[in-house]
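Bear in mind that the values here come from a model prediction, so they are computed numbers and not experimental data.
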Amino acid sequence: MVMAASETKFHVLAVDDTLIDRKLIEKLLKTSSYQVTAVDSGTKALEFLGLNNNDHQDVEVNLIITDYCMPGMTGYDLLRKIKESSSFKDIPVVIMSSDNIPSRINRCLEDGAEEFFLKPVQLSDVNKLRPHLMKRRTQTNVNKRKAMDEIVSPDRTRARYNELEVN
């Protein structure tokens with residue numbers, strides 16, 4: 001069976017400093033038919049995205065799922081950097097943590113996280129990701145259509161022809 005362009009796999013960037021947790025989330029995501037890139041730190045996630053060196057990757061990332069507690073850069077720090085970036089601010093970010101601290105959860109959600117999962121992450125959690133991915137894909141398609149409509153709009157074309165001089 002051949003996948004249509006609209007049915008291609010979503011690409012998820014998974015970030016966790018703990019090998020066992022990283023392997024678990026990677027397995028759950030792959031089981032749910034996601035393409036996965038797993039890295040062990042927020043810094044490596046930014047490098048993968050090209051945010052540390054302004055060298056953007058050709059690979060499209062549709063969602064980032066990150067651990068909250070990591071050495072160096074926390075998942076919250078990563079969330080803030082993603083949301084401050086003009087290129088990546090629309091990518092949904094999901095935070096996961098083994099600590100159930102309401103103030104932390106609220107702060108992440110208020111600052112742009114789509115979801116906050118308590119560890120261990122389960123398949124039922126991963127199933128909650130698809131609506132966020134579909135919403136973003138739909139929004140991207142609407143934006144592309146608007147851009148095309150603007151390019152070929154009759155008013156825009158008429159204005160261009162009105163500026164031409166006829167000799």
query: Is there side-chain contact between L29 and I65, with at least one heavy-atom pair below 4.5 Å?
result: yes
- prompt: Quick one: does M96's side chain get under 4.5 Å of D16's, heavy atoms only?
  reply: yes
- prompt: Going by the angle between their ring planes, with limits at 30° and 60°, are F48 and H11 parallel, tilted or perpendicular?
  reply: perpendicular
- prompt: CG of L63 to CG of L133: how many Å apart, nearest 0.5 Å?
  reply: 5.0 Å
query: Honestly, is R107 close enough over Y76, meaning NZ or CZ under 6.0 Å from the six-membered ring centre and within 45° of the axis?
result: yes
message: So, taking the atom named CG in L78 and the one named OH in Y68, what distance separates them when rounded to the nearest 0.5 Å?
response: 12.0 Å
- request: Heavy atoms only: give me the nearest N62-K9 pair and the separation to one decimal.
  value: OD1-O, 4.4 Å
Note, V61 side chain near L49 side chain (heavy atom, < 4.5 Å): yes
pair F117-V126: side-chain heavy atoms closer than 4.5 Å: no
- request: Consider only side-chain N and O atoms of T74 and D77, and report whether a donor and an acceptor are under 3.5 Å apart.
  value: yes
Closest heavy-atom pair and its distance - L109, F116: CD2-N, 4.2 Å
Atom of R22, atom of V39 and distance for their closest heavy-atom approach: CD-O, 3.3 Å
- prompt: Has K83 got more than 12 heavy atoms of other residues, nucleotides or ligands less than 6.0 Å from its NZ?
  reply: yes
- prompt: Does a side-chain heavy-atom distance below 4.5 Å link V94 with D125?
  reply: no
- request: Using a strict cut-off of less than 4.0 Å between a Lys/Arg side-chain nitrogen and an Asp/Glu carboxylate oxygen, indicate whether K119 and D99 qualify as a salt bridge.
  value: no
- prompt: Rounded to the nearest 0.5 Å, what separation is found between the CG atom of L129 and the CE atom of M134?
  reply: 13.0 Å
query: Heavy-atom count around I20 CD1 within 6.0 Å, excluding the residue itself: above 12?
result: no
task: Over all heavy atoms of both residues, which pair between N127 and S32 is shortest? Give the atoms and the distance, please.
output: OD1-OG, 4.1 Å
field: Contact summary for I82 and F88, nearest pair of heavy atoms
entry: CG2-O, 3.4 Å
query: With a 4.5 Å heavy-atom cut-off, do M70 and V15 have their side chains touching?
result: yes
Non-hydrogen side-chain atoms of E84 and K89 separated by less than 4.5 Å: no
field: Student check: side-chain heavy atoms of E114 and K128 closer than 4.5 Å
entry: no
field: Inter-residue atom distance C69.SG - D67.CG, 0.5 Å rounding
entry: 6.5 Å
statement: Output for pair (D17 CG, S41 OG), nearest 0.5 Å, gives 8.5 Å
task: Take D21 and L19, measure what side-chain contact (heavy atoms from CB on, under 4.5 Å) needs, and give me the verdict at the end.
output: CA-CA 6 Å; D21 288 335; L19 180 62; over 6 Å; no
field: Nearest-0.5 Å distance that lies between atom CG in L13 and atom CD in Q35
entry: 11.0 Å
message: Could you check whether any side-chain N or O of T31 sits under 3.5 Å from a backbone N or O of K27, counting only pairs where one atom can act as donor and the other as acceptor?
response: yes
- prompt: Minimum heavy-atom separation for G75 to T66, with atom names?
  reply: CA-OG1, 3.8 Å
